[in-house]
Protein chains: 2
Amino acid sequence: MVSNTCYIICEDNNDYRESLVAFLEEDPELICCGAFPHAQDILNIVTTHQPDIVLMDIDMPGKNGIDALKEIKQFNPAIEVIMLTIFEDRENVFEAICSGASGYLLKNSSPETIAASIKEVMKGGAAMTPVIARKALQFFQKPSKKEGTFQLTIQEQQVLKLLVDGLSYKMIAAKMNVVMDTVRYHIKKIYDKLHVHSAPEAVAKAIRDRLI
Amino acid sequence: MVSNTCYIICEDNNDYRESLVAFLEEDPELICCGAFPHAQDILNIVTTHQPDIVLMDIDMPGKNGIDALKEIKQFNPAIEVIMLTIFEDRENVFEAICSGASGYLLKNSSPETIAASIKEVMKGGAAMTPVIARKALQFFQKPSKKEGTFQLTIQEQQVLKLLVDGLSYKMIAAKMNVVMDTVRYHIKKIYDKLHVHSAPEAVAKAIRDRLI
DNA sequence: ATAACTTTTACATGATGATGTAGTGCTTTA
DNA sequence: TAAAGCACTACATCATCATGTAAAAGTTAT
């Protein structure tokens, strides 16, 4: 069973686009069903050409590749998108990944790598160079106790966790087998340490700073 | 300039551990400075053997690999850790990545792949099979409006955002140029839609489901 | 245009939360 | 051992929140 993959490419550099397509033509599994110097009308493009996968440049005149990516994913999440770009800064990588890109390759990648990446993505994998992967991972490696966990005691951490889970003072007290006043005591100290003055604030801070 | 890499391995399967080490011995750049069938005393191990990188199994008798990973990273974030395991479920991958693993490989990876991964990590990259990478990426591809944004109206979204920012009803009312009762009205509806009964709960849900 | 719905406002009330003061008991440290 | 610090408890008070009912005002649809 031969499964061919139909791809389109949006890339404003004519030389790069054409030579990449020319290379990929060599591979019988990869079928180019469209090559465009922009992503202007991306939704029309994908409805018309029905690609399995889109190779998308970021920096293009008119609509940029990340906005195009968002439109595609909103329109049909089943369409895979690999970003193909010269930018490898945190912001672009983060934006692209969060918006649903299945891969992020630099343009200086070899065409062989790009071909292999397309196939990996079609097999349910993600395509990234190791350095990009590292950047991606760093996004959710908790900088948690970056400020030293705010020095919360065990009980305070426990109370905070239960607070984040939406429990009332009364319920927290029950869970911890203490009296409500004890819970108040701990919560006051939590507020002081987190520099907040209400439960919603504390919860937001706890989650965002990954204290819990 | 030859830069040798010193690694240790924690892996309870003797055959696997020994054959992997034997293979890696072939590579003059990779120096095994310790091989252990457990991670029991991991902090002592790393202080004694000073590895650049640790290959860590997850399922081991005594201390599991993820806990060991956490200890290592807390002790010295400069030590790279590659998880080497048979588990590729969401939870383990997520835990490992969040705890600072620089790589996550399956044990059925070829030893050549493992050797290459060690070198990639030492060059500042991350080591993951494409499928693992895909799982990792999915963690922060916003499932945002997975349940249809909970159908919050514009005002409700606005109120929710301000609530998450820690504002009181009074402050929210002022910001939105409405009376406090209006804020109450919206908040009640938000609670109904989110199936919660308090501000902390709403805030937690909003942040976790990326509604804001 | 009228019914149906949404948004805004008002009023009321019981529950919960935020904060302060203070006393007891236990552990740590000088 | 005395001082200091932390955890727990108690009591008090005012503010804020959660919820309900209800009535204008504005919108949408038939």
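Throughout, a chain's letter reflects where its sequence line sits, starting with A, and its residues are numbered from 1. Note: hydrogens, waters and symmetry copies are ignored here, and every other heavy atom, side chains too, is used.
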- Message: Without decimals, in angstroms, what is the distance between A/Glu201 CD and C/dG17 P?
- Response: 16 Å

- Message: On the nucleotide D/dA7, are OP1 or OP2 found under 4.0 Å from the side-chain N or O atoms that A/His186 carries?
- Response: no

- Task: Could you state the atom-to-atom distance from CG of B/Asn177 to P of C/dT7 in whole Å?
- Result: 18 Å

- Could you state the atom-to-atom distance from CD1 of B/Ile172 to C1' of D/dT16 in whole Å? 12 Å

- Has the side chain of A/Glu201 got a donor or acceptor atom that lies under 3.5 Å from a matching backbone atom of A/His197? yes

- Message: I want to check one thing: is the phosphate of C/dT19, taken as OP1 and OP2, less than 4.0 Å away from some side-chain N or O of A/His197?
- Response: yes

- Taking OP1 and OP2 of D/dC6, is either one under 4.0 Å from a side-chain nitrogen or oxygen of A/Gln155? no

- To the nearest Å, give me how far apart CG (A/Leu163) and C1' (C/dG17) are. 10 Å

- Is there a side-chain contact between A/Met171 and A/Leu162 (heavy atoms, below 4.5 Å)? no

- Task: For C/dT9, take OP1 and OP2 only and decide whether either is under 4.0 Å from a side-chain N or O of B/Thr182.
- Result: yes

- Message: Rounded to whole Å, please give me the gap between CD1 in A/Ile190 and P in C/dG17.
- Response: 13 Å

- Could you tell me whether A/Lys175 atom NZ has more than 12 heavy atoms of other residues or ligands within 6.0 Å of it? no

- Atom CD1 of A/Ile187 and atom P of D/dA15: how far apart are they, to the nearest Å? 21 Å

- Query: On a plain distance test, is the side chain of A/Asp181 in donor-acceptor contact with the base of D/dC8 below 3.5 Å?
  - Reply: no

- To the nearest Å, how far apart are A/Lys189 NZ and C/dT19 P? 14 Å

- Query: Do A/Glu156 and A/Lys189 meet the salt-bridge criterion of a basic N to acidic O distance under 4.0 Å?
  - Reply: no

- Exactly one of A/Thr85, A/Ile97, A/Ile58, A/Asn64 clears side chain to side chain contact (heavy atoms under 4.5 Å, CB included) with A/Asn92, and that residue is A/Ile58

- May I ask you to evaluate whether A/Thr153 reaches the phosphate of D/dA7, defined as a side-chain N or O under 4.0 Å from OP1 or OP2? yes

- Message: Expressed as a whole number of angstroms, how long is the span from B/Met180:CE to D/dT19:C1'?
- Response: 13 Å

- A/Lys170 vs A/Arg184, nearer the 5' end of DNA chain C by closest nucleotide: A/Lys170

- Item | Options C/dT19, C/dT9, D/dT9, nucleotide nearest the side-chain atoms of B/Tyr185 | C/dT9

